[in-house]
Protein chains: 2
Amino acid sequence: MVAQADDAVFRPVRTGNPFEETVERLLQAIKLGVVVPGDRLPSERDLAARLNVSRVTLREAIHALTEAGYVESRRGRYGGTFVNAQLPKPRRTPAKRLARELGDGLEDALVLRSALETGAAEAAAERALSEAEQEHLRRCLAETSGAKLSDYRRFDSRLHLAIAEVSGSPSLTSATADVRMRLNELLDAIPLLERNLRHSNEQHEAIVAAILAGDPPAARQAMQEHLSGTATLLRAFLA
Amino acid sequence: MVAQADDAVFRPVRTGNPFEETVERLLQAIKLGVVVPGDRLPSERDLAARLNVSRVTLREAIHALTEAGYVESRRGRYGGTFVNAQLPKPRRTPAKRLARELGDGLEDALVLRSALETGAAEAAAERALSEAEQEHLRRCLAETSGAKLSDYRRFDSRLHLAIAEVSGSPSLTSATADVRMRLNELLDAIPLLERNLRHSNEQHEAIVAAILAGDPPAARQAMQEHLSGTATLLRAFLA
DNA sequence: ATCTATTGGTCTGCCCCCAGTCCATTGACT
DNA sequence: AGTCAATGGACTGGGGGCAGACCAATAGAT
């Protein structure tokens with residue numbers, strides 16, 4: 001049976017209720033390194049407006065994250081909700097089990113990720129980046145290079161997200177963040193070796209260099225190589 | 001000001017209520033040619049389950065489309081909801097106005113589309129397509145080539161969607177359908193010339209040929225050329 | 001010491017959406 | 001002619017999310 005277009009257009013209009021979605025988003029912000037330990041989240045009123053969710057629902061989500069140990073709230077002016085210094089360590093679900101649960105979902109995510117991120121790298125290299133954007137890229141690159149092993153995944157996510165950002169397409173950035181979250185659980189299941197990490201950093205350098213140099217084909221090529229390395233690693237560990 | 005990652009991760013958790021989203025989905029099915037005039041939609045019970053929406057909400061959406069002249073329902077066994085033979089003609093909003101309303105949204109959509117569809121073409125060419133998939137592609141191609149001017153947009157959408165389908169990534173297919181819907185309103189605003197149409201058909205041939213031949217770089221290249229042509233046309237008319 | 005702006009915390013009434021159930025209609029099959 | 005399965009149509013009770021108003025705490029500014 002061939003995959004039908006019906007499946008795409010008649011897919012669920014929403015996955016989960018607003019509360020669950022909100023929790024997911026806040027986790028995204030933390031796990032992708034958009035807010036780092038010690039950072040303050042936007043005020044409840046602001047955040048609720050941006051997420052287009054009632055303050056009650058947002059508060060329930062924050063409460064859930066508080067119980068899970070991710071954030072803490074303080075009242076009063078200059079108060080707010082802050083990301084904890086010690087984040088809960090992700091439970092390492094056995095790789096085999098994850099693979100079974102996901103099934104075709106892994107290939108789905110990998111194909112989508114490849115399209116999005118190589119496209120983002122290419123688009124970013126085509127644009128004339130502002131000084132601020134260039135600086136932002138360089139900082140994310142440096143932070144990732146200097147990250148401890150325990151923090152590496154978060155800074156790596158942040159760097160990839162930064163590349164998507166400078167593509168100039170917000171939708172592309174959002175989609176990149178989403179697919180990365182889908183993969184992060186898998187990535188947590190495989191060990192992080194010093195050697196892979198060094199190799200990864202070299203590839204990051206090449207990607208950012210090509211983007212800053214305004215060389216779209218090189219940027220695409222470098223990103224493609226980087227991603228296929230990760231993809232191979234994942235497929236191997238989850239096979 | 002540089003675009004912040006916040007904007008991506010703190011974007012609204014949902015745009016519109018379930019009713020509106022459902023209407024949008026059904027319109028998508030019709031306008032992208034997933035269901036053609038005369039076709040029957042899945043039964044309300046089935047469809048509601050697939051869309052993860054209550055039957056009441058789905059019925060309200062169908063009712064709205066009935067009033068708008070898109071579909072008609074018949075009761076009894078072998079009844080159902082059918083797509084009208086005469087679809088309401090899209091109102092041609094003046095291009096300038098659309099461009100103003102969208103603003104950066106146009107560039108956003110074009111960049112995302114490029115990433116998704118060139119990625120899809122490449123991924124499709126990498127896969128070993130089943131006989132059914134190959135036939136499906138060829139049929140969509142033939143239908144588009146033979147389409148009347150008034151139906152062209154719908155068959156063209158369907159063909160592009162078919163290419164995304166055979167990429168093997170459902171998420172990629174969904175995303176492609178969504179961004180196409182965003183662009184279709186713009187595309188309706190620009191005239192369709194016989195000459196562009198012939199050129200478009202030739203490019204479609206090249207894309208499908210490269211996919212069937214299993215030549216990823218050629219498929220990407222062909223798709224890239226095709227899309228950049230459309231993009232140029234759009235930018236010119238909306239400038 | 002007091003004031004005040006900003007933030008998290010709480011409560012109320014309302015509406016949309018939902019799951020489940022039953023009814024009404026239709027047309028192919030026997 | 002009768003049967004029957006599947007479809008659209010209609011109703012009900014309940015729950016989640018909503019907007020808005022108000023309370024409580026906090027720390028800088030005066």
Side-chain angles (χ1 to χ4, degrees), chain A residues 6 10-27 29-30 35 37-84, chain B residues 6 10-26 29-30 35 37-85:
Chain A
D6 303 25
F10 292 145
R11 90 200 106 107
V13 296
R14 55 229 273 253
T15 56
N17 49 39
F19 163 71
E20 287 168 356
E21 295 257 320
T22 304
V23 171
E24 213 53 43
R25 282 300 180 75
L26 298 182
L27 274 179
I30 295 170
V35 290
D39 273 3
R40 207 198 78 166
L41 293 179
S43 78
E44 292 182 353
R45 289 166 178 82
D46 281 0
L47 201 46
R50 293 178 66 176
L51 293 171
N52 196 27
V53 155
S54 85
R55 223 186 119 205
V56 188
T57 304
L58 171 63
R59 282 177 53 71
E60 281 167 359
I62 289 177
H63 186 69
L65 290 191
T66 303
E67 296 222 314
Y70 285 96
V71 298
E72 240 166 9
S73 295
R74 289 201 297 273
R75 292 169 61 148
R77 190 173 189 176
Y78 307 94
T81 301
F82 298 81
V83 180
N84 282 342
Chain B
D6 302 24
F10 292 145
R11 91 198 105 107
V13 294
R14 58 227 273 247
T15 56
N17 49 39
F19 163 71
E20 287 168 356
E21 295 258 319
T22 304
V23 170
E24 214 52 45
R25 281 303 178 74
L26 298 181
I30 295 171
V35 289
D39 274 2
R40 206 198 81 167
L41 293 179
S43 77
E44 291 181 353
R45 289 168 179 83
D46 281 359
L47 202 45
R50 295 178 65 176
L51 292 172
N52 196 27
V53 155
S54 85
R55 227 186 116 204
V56 190
T57 304
L58 171 62
R59 283 176 53 71
E60 281 168 359
I62 289 178
H63 187 70
L65 290 192
T66 303
E67 296 221 316
Y70 284 97
V71 298
E72 239 166 10
S73 296
R74 288 201 297 274
R75 290 169 65 150
R77 191 173 187 178
Y78 307 95
T81 302
F82 298 81
V83 181
N84 282 341

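The chains referred to below are lettered A, B, ... by the order of the sequence lines, with proteins before strands, and numbering in each begins at 1.
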Query raised in the report: What salt bridge (Lys or Arg N to Asp or Glu O under 4.0 Å) pairs are there with at least one residue in residues 46-57 of chain A, not counting sequence neighbours?
Result: E44(A)-R55(A), R50(A)-D7(B)

Report task. With the side chain counted from C-beta on, respond yes when R25(B) and T22(B) share a heavy-atom pair under 4.5 Å apart, and no when they do not. Result -> no

Query raised in the report: Any side-chain N or O of R74(A) less than 4.0 Å from the OP1 or OP2 oxygen of dT6(C)?
Result: no

Query raised in the report: With sequence neighbours left out, what residues match S73(A) under side chain to side chain contact (heavy atoms under 4.5 Å, CB included)?
Result: I62(A), T81(A)

Requested in this report: Taking the side chain as every heavy atom from C-beta outward, state whether R14(B) and R14(A) have any atom pair closer than 4.5 Å.
Outcome: yes

Query raised in the report: Got a sec, which residues hit side chain to side chain donor-acceptor pair (under 3.5 Å) with S54(B), two or more places apart in sequence or on another chain?
Result: T57(B)

Query raised in the report: For the helix from dA1(C)-dT30(D) to dT30(C)-dA1(D), what is the angle between the axes at its two ends, each from 5 pairs, rounded to 10°?
Result: 10°

Query - Gap between atoms CG and C1', on L41(A) and dG8(C) respectively (whole Å) - result: 13 Å

Report summary line: Bounded by its outermost nucleotides with an atom under 4.0 Å from a heavy atom of chain A, the footprint on DNA chain D reads dG17(D) to dG28(D)

Between protein and nucleic acid, restricted to nucleotides 2-5 of chain C and to nitrogen or oxygen atoms under 3.5 Å apart, what atom pairs and distances do you find?
residue : atom : partner : partner atom : Å
dA5(C)  : O4'  : R77(A)  : NH1          : 3.3

Requested in this report: Output the residues of residues 44-52 of chain B in contact with DNA chain D, where contact means a heavy atom of the residue under 4.0 Å from an atom of the strand; sort by number or write none.
Outcome: E44(B), R45(B)

Query raised in the report: Looking at residues 56-65 of chain B, who's got a heavy atom less than 4.0 Å off DNA chain C?
Result: V56(B), T57(B)

Query raised in the report: What residue pairs, at least two apart or across chains, pass salt bridge (Lys or Arg N to Asp or Glu O under 4.0 Å) with a residue in residues 64-80 of chain B?
Result: none

Query - 5'-most by nearest nucleotide on DNA chain D - Y78(A) or V53(A) - result: V53(A)

